[in-house]
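No hydrogens, no waters, no symmetry mates; every other heavy atom, side chains included, goes into these values. Everything quoted here is computed from the prediction, not taken from an experiment. By convention here, the first residue in the shown sequence is residue 1.
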Amino acid sequence: MTKFRQRVLCILLAVSMVMAFSSCSFKSIKDNVSNSVSKFVDDLFEEKPTNAELMLGHIENRDTDAIYDMLCKRLKKQPEIKRQIEELFDFMDGKVISYETGYLSGDTRSSSNGKFKMHIAHSLDEMITDTGKEYYLGVYFYDENGFEKDLVGINTISIVEINPNGTTADDRFVRRITIDTSTDAELVLKYIEYKNTDAIYKLFCDKSKEKANLKSKIEETFDFMEGSIVSYKTSSDNFDLPKELYYSNTRKAICSTCEIKTDNGNEYRLICNYYYESRNKDNITGILELKFYEADKEFTYFKHSKQLIID
């Protein structure tokens with residue numbers, strides 16, 4: 001899809017949003033939306049690089065500070081964030097010689113008290129390097145966010161290596177590197193690679209931090225895997241609440257999983273159960289349980305030959 005067609009679609013979307021809100025009795029919302037949409041449309045007509053194109057330039061120039069300045073405040077507070085940025089620089093093999101500007105999508109939300117947010121995604125598709133490799137680059141950011149102001153700016157950067165000969169999504173996926181604001185297994189895996197005990201400790205909920213041996217258990221994860229990580233895949237889903245929490249006012253419980261392969265042929269599974277929003281009287285926002293398994297190759301189903309559980 002061409003840039004012109006993308007812009008036309010975005011403009012139509014923006015006009016539809018304004019029309020939809022024109023009957024709203026809350027003037028503060030209408031003015032907020034109209035101003036943001038006007039700025040969004042003006043930006044589309046102005047010939048300037050998208051955030052994805054800017055990101056690619058900073059990655060190729062190995063400019064850590066320029067990327068850091070584009071991030072939202074919540075990402076900037078992450079331990080090791082500059083180290084994560086620097087890992088982007090060597091992910092792609094070769095220099096990018098061509099790409100297609102991907103879909104520019106927008107998502108909006110407003111409330112009766114005048115709060116408003118606009119989430120936007122820019123991407124570069126079919127990025128081809130001078131070594132013949134193909135990649136995808138996605139950048140996600142909030143232009144405005146009255147609900148969570150520390151998310152204004154870039155909150156997610158994702159680069160995926162693509163197998164151009166793959167016929168399914170799984171076949172096309174080779175490997176990925178991501179920086180985002182979530183408390184999930186992928187972030188824990190990064191901190192395990194960095195051997196950063198304090199960074200992982202901070203991700204646990206207060207209830208887990210009450211255990212005296214938590215930091216020593218975290219340090220056991222550093223030597224659990226044999227070999228260096230060569231690839232991993234992530235997935236997430238809701239997980240069942242413990243019985244004592246069934247009738248509590250608790251929401252948004254997530255099970256995040258990393259399927260990991262190392263350079264000596266071993267396979268591992270890292271499972272992170274966490275709450276990213278909890279209204280329970282006990283503070284359980286954060287990681288409640290961390291599980292690490294090594295796959296037993298004698299079984300087709302994922303059975304573990306050794307395990308490490310922190311709960």
Side-chain angles (χ1 to χ4, degrees), residues 1-11 14 36 39-107 118-145 150-164 172-182 186-187 190 194:
M1 183 178 288
T2 64
K3 286 186 178 181
F4 176 76
R5 288 180 179 175
Q6 292 169 358
R7 289 175 177 176
V8 170
L9 284 174
C10 289
I11 292 169
S36 297
K39 180 180 180 297
F40 186 44
V41 174
D42 289 342
D43 288 345
L44 286 174
F45 276 112
E46 185 179 348
E47 289 292 340
K48 64 179 184 180
T50 66
N51 274 344
E53 289 173 309
L54 289 172
M55 183 61 62
L56 176 61
H58 295 328
I59 289 172
E60 291 185 327
N61 292 330
R62 307 178 77 87
D63 195 334
T64 304
D65 291 337
I67 295 175
Y68 180 84
D69 290 342
M70 297 176 72
L71 303 181
C72 65
K73 290 182 179 179
R74 190 177 299 184
L75 260 185
K76 288 177 179 177
K77 291 179 181 178
Q78 276 192 10
E80 309 274 16
I81 185 59
K82 289 200 173 182
R83 185 171 178 175
Q84 290 184 60
I85 291 172
E86 289 166 0
E87 289 180 353
L88 298 173
F89 302 155
D90 297 315
F91 182 80
M92 292 189 290
D93 181 12
K95 182 177 178 59
V96 175
I97 57 176
S98 67
Y99 61 81
E100 292 290 332
T101 302
Y103 183 66
L104 288 81
S105 61
D107 177 38
M118 177 175 281
H119 196 214
I120 304 171
H122 292 169
S123 68
L124 300 181
D125 302 330
E126 299 178 25
M127 292 197 305
I128 307 298
T129 67
D130 54 11
T131 62
K133 295 291 183 69
E134 181 179 340
Y135 298 90
Y136 161 89
L137 170 64
V139 175
Y140 304 83
F141 61 97
Y142 283 100
D143 195 42
E144 290 190 29
N145 192 329
D150 63 340
L151 284 178
V152 173
I154 290 175
N155 57 79
T156 303
I157 305 167
S158 183
I159 307 176
V160 181
E161 183 177 344
I162 304 294
N163 172 14
R172 286 178 58 78
F173 176 88
V174 178
R175 60 193 180 107
R176 181 185 72 173
I177 186 169
T178 302
I179 298 175
D180 64 22
T181 56
S182 61
E186 188 172 10
L187 183 60
K190 283 184 180 294
Y194 301 157

Between OH of Tyr99 and CG of Asp125, what distance do you get to the nearest 0.5 Å? 11.5 Å
Say whether, by atom type as modelled, one donor and one acceptor occur between the side chain of Thr131 and the main chain of Asp93 under 3.5 angstrom. yes
Taking Ile157 as the fixed residue, which of Ile85, Leu88, Asp180 is the one that meets the side-chain contact (heavy atoms from CB on, under 4.5 Å) rule? Leu88
Measure across Gln84 and Pro79 and return the closest heavy-atom pair with its distance rounded to 0.1 Å. NE2-O, 3.8 Å
Backbone N or O of Leu75 within a donor-acceptor pair of the Gln78 side chain at under 3.5 Å? no
For atom NZ of Lys77, decide whether the heavy atoms of other residues, nucleotides or ligands shown that lie under 6.0 angstrom number more than 12. no
Test of understanding: with side chain to side chain donor-acceptor pair (under 3.5 Å), list the residues that count as partners of Arg175, not counting sequence neighbours. Glu161
Of all pairs that satisfy salt bridge (charged side-chain N to carboxylate O under 4.0 Å, His left out), the ones with a partner from residues 64-73, not counting sequence neighbours: Asp65-Lys82
Measuring from atom CE of Met55 to atom CZ of Phe141, what distance do you get when rounded to the nearest 0.5 angstrom? 10.5 Å
Give me the atom names and distance for the closest heavy-atom approach of Ile162 to Arg172. CG2-NH2, 3.1 Å
When rounded to the nearest 0.5 angstrom, what is the spacing between CD1 in Ile97 and CE in Met127? 12.0 Å
Find the distance between CG (Asn51) and OG (Ser123) and round it off to the nearest 0.5 Å. 12.0 Å
Under 3.5 Å: donor-acceptor pair, side chain of Asp150, backbone of Arg74: no
Which value, rounded to the nearest 0.5 Å, describes the distance between Thr64 atom OG1 and Phe89 atom CZ? 3.5 Å
